[in-house]
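Count residues from 1 along the sequence.
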Amino acid sequence: MDIDNSFRGLTIPGAGLLGSNRVLNMKLDFPPPVATFLIVFRPIAPVKPSTPARMALSFSDIVEEARLSARALLDYGDHFFNPTVRLGVTGLSRAGKTVLITALVHGLTRGGRFPIFEPFATGRIAQARLEPQPDDAVPRFDYENHVRTLIEARRWPNSTVDISELRLVIDYQRHNGADRTLTLDIVDYPGEWLLDLPLLNKSYEQWSGESLELSRERLRAPLALAWHTHLATLNALDRENEPAALTAARLFTDYLRACRDERFAMSLLPPGRFLMPGNLAGSPALTFAPLDLPAGGVAPDGSLWAMMRRRYEAYKDVVVRPFFRDHFSRLDRQIVLVDALAAFNAGPEALHDLEAALAGILDCFRIGRSTLLSNLFRPRIDRILFAATKADHLHHSSHDRLEAVLRRTVAQAAARAEYAGAEIDVVALAAVRATREAQVQRGREKLPSILGTPAADTTVRGKGLDGEGFDGETEVATFPGDLPEDPEELFTGEGAFRGLSSASAEKADFRFLRFRPPQLDSQDAAGPVLPHIRLDRALQFLIGDRLQ
Ligand SMILES: Nc1nc2c(ncn2[C@@H]2O[C@H](COP(=O)(O)OP(=O)(O)OP(=O)(O)O)[C@@H](O)[C@H]2O)c(=O)[nH]1
Ligand SMILES: [Mg+2]
């Protein structure tokens, strides 16, 4: 689709109208547009992964292991009579988990356009239907409400505050003609919870040291100032002191929250419940913080150090272990969603942070080839799909590059998983496509742009038309720029793409707007089908082999 400059609302985020001088400057900054989509990925060297540091097994760890095995045995019995895939939709906060689950279930039950999902495209899937979920103590995923919000209100679902679950049963015909069913169990949870998994392998002393070190980094240090000032007044060896613990936990939480601001978009922010406490708000299990500890020392009884350590361990027992045991350890397949665009917006530090957070989380997966024996004792994740979400914010000519960046971001973790025998793939997708593409004519140039309706609350530190915020109704065309050919540029910040954290809000090159879900018209009584990008490729990889 070609449109000319007179199109109302032709903006570049952070830069105003396409005709302005500022835009010309930005354009010159961009690497030249790619003429071909063929990009050769450097293969990931089959490195022998380093074993993550593990603490010695305590008695409670052994009991926990026994419990996990017993649970696996029960699940295995179930799966034997009723083939089931427990699909883990994993991702940090705002990565797109709830939207993806909604779109995936909608597409399968409503009859979406999935040409790459072979059993669906060839008509071997007779129907997919929702059934009561297996775990009575877990709330049901509010699927119907999420669909209404997306399609009728054209709003994205709210951030998830609790775990929920949904069961989808797929009736299909095998290649040999036999009729079968496959059960797909999907769990949704707040992304913040994921940050806690790496704590299971860390002592209080380790976590405290790492958190302090991180908080002294360039971008984080100014945000940690108030907490650091208070920390300097504490002595870990002094007697335990509730007011001091309360203040430390509050200031530490303020610091974590500031790091999450979209300008910095930091990912490595454990403990997750500090950001989303739910019904644990104010409990001792959430009232602790890192301390400056003497190297190699031991916590004296009754000291502030011992108190913080006790509470940290309580947090792991009450919050982290049950989530790992009841949800994470039972997964068969994983789709790991990554919002790389939010990290691009913020800058190279955010990308490094994202990389480190993902590596820590992926260390917690039980990965490996699924065999009869391994299934019997503990389920193993035998396929992992890494997905860069919200690809509809980029012109399709940049999707290959987005995949390349994701490949680079998860390279270590992916190599480890492949080494353990799991199958890995990487894809750039949009669970719900909120934009269309257009070639915008600018002088003699054609810019590969996208059209969509920015949400009204998107003030874009780059404002909308005439310096105003967007009205939530007007469709605009944006040229988000091309991603660099070499993903490394995004990590070093040497290219044009510096991100919000490198400049004041007004000057930063901020490229990705928040678009509203698409306007859908349908004469069909069953309602419209949600448009997507490569959701079918994701399905084919995740469950195609189980529907042969
Ligand atoms: N354009 C576009 N935006 C998306 C898409 N998926 C998610 N988003 C945006 O990302 C935001 C977060 O999506 P969610 O699905 O709520 O993310 P989540 O991972 O469930 O987040 P938490 O519940 O906070 O852990 C949404 O509010 C949308 O603004 C997509 O496919 N396309
Ligand atoms: Mg959610």
Side-chain angles (χ1 to χ4, degrees), residues 52 85-105 138 141 157 159-166 184-201 267-273 275-276 319-320 322-340 342-343 353-368 370 379-390 406-407 409-414 416-418 420 422-431 535 538-539 541-543:
V85 171
R86 276 186 81 89
L87 178 64
V89 179
T90 293
L92 296 167
S93 162
R94 314 311 287 149
K97 300 179 291 297
T98 305
V99 171
L100 183 119
I101 297 171
T102 307
L104 189 146
V105 173
V138 178
F141 180 77
S159 199
T160 308
V161 293
D162 203 354
I163 195 158
S164 65
E165 189 178 38
L166 197 69
L184 192 62
D185 286 335
I186 313 175
V187 179
D188 191 29
Y189 60 90
E192 285 83 359
W193 295 12
L194 199 62
L195 293 171
D196 287 334
L197 294 181
L199 301 186
L200 284 174
N201 288 322
S267 304
L268 211 51
L269 305 166
R273 298 293 164 103
L275 294 167
M276 183 161 294
V319 173
V320 193
F323 175 55
F324 180 72
R325 180 178 63 225
D326 299 335
H327 170 47
F328 244 77
S329 67
R330 298 169 66 198
L331 298 173
D332 306 303
R333 302 261 159 109
Q334 279 273 12
I335 174 167
V336 180
L337 306 183
V338 182
D339 181 4
D353 215 63
L354 178 66
E355 186 182 16
L358 288 171
I361 291 158
L362 292 164
D363 260 356
C364 303
F365 287 11
R366 299 207 162 231
I367 297 167
S370 194
R380 278 180 185 272
I381 295 163
D382 58 359
R383 273 183 188 214
I384 304 178
L385 180 64
F386 293 97
T389 53
K390 313 178 195 179
L406 183 61
R407 238 173 244 274
T409 312
V410 300
Q412 280 283 340
R416 196 173 297 134
E418 264 177 336
E423 278 188 52
I424 303 290
D425 202 1
V426 173
V427 65
L429 59 74
L535 195 55
L539 276 167
F541 179 78
L542 290 167
I543 55 170

* Can you name the side-chain contact (heavy atoms from CB on, under 4.5 Å) partners of Ala357, sequence neighbours left out? -> Leu92, Ser267, Leu268

* Asked: Between Val336 and Val410, is a side-chain contact (heavy atoms from CB on, under 4.5 Å) present by the stated rule, with each step listed?
  -> CA-CA 10 Å; Val336 180; Val410 300; over 6 Å; no

* Is Arg94 salt-bridged to Asp339, going by a charged N under 4.0 Å from an acidic O? -> no

* Keeping the roles fixed (side chain from Asp425, backbone from Leu385), state whether a donor-acceptor pair exists under 3.5 Å. => no

* Structure fact -> Checking Leu100, Ile101, Thr102 against Asp188 for side-chain contact (heavy atoms from CB on, under 4.5 Å), the one that qualifies is Ile101

* Which atom pair, heavy atoms only, marks the closest approach of Ile543 to Arg333? -> CA-NH1, 4.3 Å

* Taking side chain as C-beta onward, heavy atoms only, is Ile186 less than 4.5 Å from Leu104? -> yes

* **Exercise: identify the closest heavy-atom pair between Ala417 and Ile384** => CB-CD1, 4.1 Å

* To do: To the nearest 0.5 angstrom, please state how far the CG atom of Leu194 sits from the NZ atom of Lys97.
  => 7.5 Å

* To do: Would you give the length of the straight line joining atom CG of Leu542 to atom CG of Asp332, rounded to the nearest 0.5 angstrom?
  => 11.5 Å

* Asked: Is it true that a side-chain atom of Asp196 and a backbone atom of Val320 form a donor plus acceptor pair closer than 3.5 Å?
  -> no

* Would you give the length of the straight line joining atom CG of Leu429 to atom CD1 of Ile335, rounded to the nearest 0.5 angstrom? => 5.5 Å

* **Considering all heavy atoms, the nearest Phe541-Ile424 contact** => CZ-C, 3.9 Å

* Residues which pass side chain to side chain donor-acceptor pair (under 3.5 Å) with Arg273, listed by chain and number, not counting sequence neighbours -> none

* Distance from Phe141 atom CZ to Asp185 atom CG, nearest 0.5 Å? -> 13.5 Å

* Determine yes or no for a side-chain-to-main-chain donor-acceptor pair under 3.5 angstrom, with Arg416 supplying the side chain and Asp363 the backbone. => no

* Rounded to the nearest 0.5 Å, what's the gap from CG on Asp162 to CE on Met276? Could you check? => 10.0 Å

* Might you point out which heavy atoms bring Ala388 and Leu406 nearest each other, and give the distance in Å? => N-CD2, 3.3 Å

* Check ring pair (Phe, Tyr, Trp, His ring centres under 6.0 Å) between Tyr189 and all other residues, then give those that pass, not counting sequence neighbours. => Phe323, His327

* Structure fact -> Shortest non-hydrogen pair, Leu195 vs Pro270, comes out as O-CB, 3.7 Å

* Can you tell me how far the CD atom of Gln334 sits from the CG atom of Asp382, to the nearest 0.5 Å? -> 11.0 Å

* State which residues pass side-chain contact (heavy atoms from CB on, under 4.5 Å) with Ala95; sequence neighbours excluded, sorted by chain then number. => Leu337

* To do: Under the salt bridge (Lys or Arg N to Asp or Glu O under 4.0 Å) rule, collect the residues that match up with Asp353, sequence neighbours excluded.
  => Arg220

* Is any side-chain heavy atom of Leu362 less than 4.5 Å from a side-chain heavy atom of Phe386? -> yes

* Asked: Listed by chain and number, what are the side chain to side chain donor-acceptor pair (under 3.5 Å) partners of Ser93, not counting sequence neighbours?
  -> Glu192

